[in-house]
Peer 1: 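Structure provided below as structure tokens; questions to follow.
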Amino acid sequence: MKHIANLDGIVTGFNVTEEYIDCMCGKELLKIDKYSGDIIHRKVIFDKEGLSRKLIADDEQIFIYDFCMFYIFSQQDYELLGKWKLGSDLSSDICGLAVDQDTIYCSIRNGKIITVDRQSHLIKEFIVADSSMWSINTYDKYLVCGTVDGKLLLLDKSTLSIERTLVLGKKNIGSLYIDGETLYAASHDGKLYKISMMNFDIDTSIKNAHKKMFDCVGIYKDMMATVSYPCSEIALWDKNTLEKKKEINTPLKLSGRAYIEDDFMYISSRNLTGIDMIILNV
């Protein structure tokens, strides 16, 4: 494992671009040169430190949620473009986030989705399900959601009505990753699923992928990569058969963020100060 960014605290979220890594650490948003590890830009954006914040980004903007608060920042200079309080307490906090070219989708605890128009910032609220949705992702004209009670929902983006429901079990579907026409889903009961988006059905699944909760983090060569932070495990699975090809054990803790680029996995976790990089082809 190689340390690529020396920071004073835990990185709770990051995004990798061609030249830089944008990340949250403490009260700050920082832009790091991913080759030298130098801090190029930094800005205090929060009043206090927090470990529950999540971040996603596209080519132009950075999207962050923290409890009930939702923020949009310019990726270039971290200018605050918008800030909204979408909930009021633990029954209405933000659980998941996805974006497309036109719309931001925030899943709210207990089955709601709030959308924010990226141009007008018009906010709309939809009651979707009876269960919270920790994992959401976009697929063509659809939104795919994993629920706490073990279902996978396919929603029409235009109406946010449920088009299809796939029951995977009874535990939280906590992580989703889409690769072309295939969706990989991680359940809190330890199962890893490969799902065809063409017919919205299970192609194959395996039990006991990890002993504790894990994330589907990306494709490396012909393999799906998963990370279990509580187990300190990284696993690589044949992306077609889900046969385990490789396991990497490295000290991690509770939760984190991972991203694959070329032969490397960028990773942050509760036990790391900054961001590390793991070589996958050894």
Side-chain angles (χ1 to χ4, degrees), residues 3-17 20-34 37-58 60-99 104-110 112-114 116 121 123 125 132-136 148 172 174-175 213 215 227 229-230 251-259 266-276:
H3 201 57
I4 63 166
N6 293 304
L7 302 174
D8 295 330
I10 298 166
V11 169
T12 55
F14 65 86
N15 177 66
V16 180
T17 66
Y20 305 110
I21 302 173
D22 299 292
C23 67
M24 296 183 295
C25 183
K27 302 177 184 179
E28 293 183 301
L29 196 54
L30 304 101
K31 189 178 295 291
I32 298 166
D33 185 300
K34 72 179 186 182
D38 295 336
I39 297 174
I40 305 302
H41 182 59
R42 64 195 307 166
K43 185 175 182 179
V44 175
I45 60 171
F46 299 110
D47 295 329
K48 58 183 180 180
E49 297 185 6
L51 295 175
S52 63
R53 297 168 183 143
K54 299 293 177 64
L55 174 155
I56 65 172
D58 62 11
E60 297 180 353
Q61 296 176 336
I62 295 172
F63 311 91
I64 295 173
Y65 69 88
D66 179 20
F67 188 46
C68 294
M69 297 301 301
F70 172 64
Y71 307 81
I72 305 176
F73 296 92
S74 164
Q75 193 178 97
Q76 183 177 6
D77 58 7
Y78 299 162
E79 176 190 0
L80 179 63
L81 303 177
K83 175 181 176 181
W84 298 269
K85 187 176 182 180
L86 300 183
S88 56
D89 53 33
L90 280 173
S91 68
S92 57
D93 59 325
I94 305 168
C95 298
L97 183 65
V99 300
I104 304 155
Y105 306 89
C106 300
S107 64
I108 306 298
R109 194 175 298 271
N110 296 328
K112 292 181 181 180
I113 290 180
I114 291 178
V116 182
H121 292 166
I123 294 175
E125 182 176 306
S132 301
M133 296 165 281
W134 283 17
S135 53
I136 62 173
V148 169
N172 184 20
S175 177
M213 61 186 292
D215 294 338
V227 179
Y229 300 95
L252 301 169
K253 188 178 180 181
L254 294 178
S255 63
R257 167 85 169 96
Y259 176 80
Y266 297 89
I267 193 163
S268 66
S269 189
R270 293 284 185 94
N271 63 311
L272 304 175
T273 54
I275 300 171
D276 285 0

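Everything quoted here is computed from the prediction, not taken from an experiment. Note: hydrogens, waters and symmetry copies are ignored here, and every other heavy atom, side chains too, is used.
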Peer 1: Does the side chain of V227 come within less than 4.5 Å of I267's, by heavy atoms?
Peer 2: yes
Peer 1: Which pair of non-hydrogen atoms, one from A98 and one from I136, has the smallest distance, and what is that distance?
Peer 2: N-CD1, 3.6 Å
Peer 1: Excluding sequence neighbours, so at least two apart, what forms salt bridge (Lys or Arg N to Asp or Glu O under 4.0 Å) with E60?
Peer 2: none
Peer 1: Is it the case that the side chain of Y65 and the backbone of C95 share a donor-acceptor pair, with hydrogens and angles ignored and the cut-off at 3.5 Å?
Peer 2: yes
Peer 1: Is R257 reaching over with its side chain to a backbone N or O of F14, donor-acceptor style, under 3.5 angstrom?
Peer 2: yes
Peer 1: Please answer whether the main-chain N or O of Q61 pairs with a side-chain N or O of D58 as donor and acceptor at a distance below 3.5 Å.
Peer 2: yes
Peer 1: Just by distance, do the side chain of S132 and the backbone of N110 share a donor-acceptor pair under 3.5 Å?
Peer 2: yes
Peer 1: Would you check, one step at a time, whether the test side-chain contact (heavy atoms from CB on, under 4.5 Å) holds for V99 with I56?
Peer 2: CA-CA 9 Å; V99 300; I56 65 172; 4.0 Å; yes
Peer 1: Does any part of the side chain of I94, heavy atoms only, come nearer than 4.5 Å to the side chain of F67, both counted from C-beta?
Peer 2: no
Peer 1: Excluding sequence neighbours, so at least two apart, what forms salt bridge (Lys or Arg N to Asp or Glu O under 4.0 Å) with D22?
Peer 2: K31
Peer 1: Closer than 3.5 angstrom, by distance alone: can the side chain of K253 be matched with the main-chain N or O of Y229 as a donor-acceptor pair?
Peer 2: no
Peer 1: Please list, chain by chain and in numerical order, all residues satisfying salt bridge (Lys or Arg N to Asp or Glu O under 4.0 Å) with K54, sequence neighbours excluded.
Peer 2: none
Peer 1: Determine, stepwise, if the pair I64 / M24 fulfils side-chain contact (heavy atoms from CB on, under 4.5 Å).
Peer 2: CA-CA 9 Å; I64 295 173; M24 296 183 295; 3.6 Å; yes
Peer 1: Tell me every residue that passes side chain to side chain donor-acceptor pair (under 3.5 Å) with D93, counting only those two or more places apart in sequence or in another chain.
Peer 2: R109
Peer 1: Closer than 3.5 angstrom, by distance alone: can the side chain of S268 be matched with the main-chain N or O of I275 as a donor-acceptor pair?
Peer 2: no
Peer 1: The criterion is salt bridge (Lys or Arg N to Asp or Glu O under 4.0 Å); which residues satisfy it with D38, sequence neighbours excluded?
Peer 2: none
Peer 1: Can any side-chain N or O of T17 pair as donor or acceptor with the backbone N or O of Y20 at less than 3.5 Å?
Peer 2: yes
Peer 1: Can you name the side chain to side chain donor-acceptor pair (under 3.5 Å) partners of D77, sequence neighbours left out?
Peer 2: S74
Peer 1: My understanding is that only one of V11, L29, T12, L97 makes a side chain to side chain contact (heavy atoms under 4.5 Å, CB included) with L55; could you say which?
Peer 2: L29
Peer 1: Between Y71 and F46, does the ring centroid distance fall short of 6.0 Å?
Peer 2: yes
Peer 1: Judged by atom type as modelled, is there a donor-acceptor pair below 3.5 Å linking the side chain of S269 to the main-chain atoms of S255?
Peer 2: yes
Peer 1: With the side chain counted from C-beta on, respond yes when Y266 and D276 share a heavy-atom pair under 4.5 Å apart, and no when they do not.
Peer 2: no
Peer 1: Please assess R42 against E28 for the test salt bridge (charged side-chain N to carboxylate O under 4.0 Å, His left out), listing each intermediate value before the final yes or no.
Peer 2: CA-CA 7 Å; R42 64 195 307 166; E28 293 183 301; 2.7 Å; yes
Peer 1: Classify the ring geometry between F63 and F70 as parallel (under 30°), tilted (30 to 60°) or perpendicular (over 60°).
Peer 2: parallel
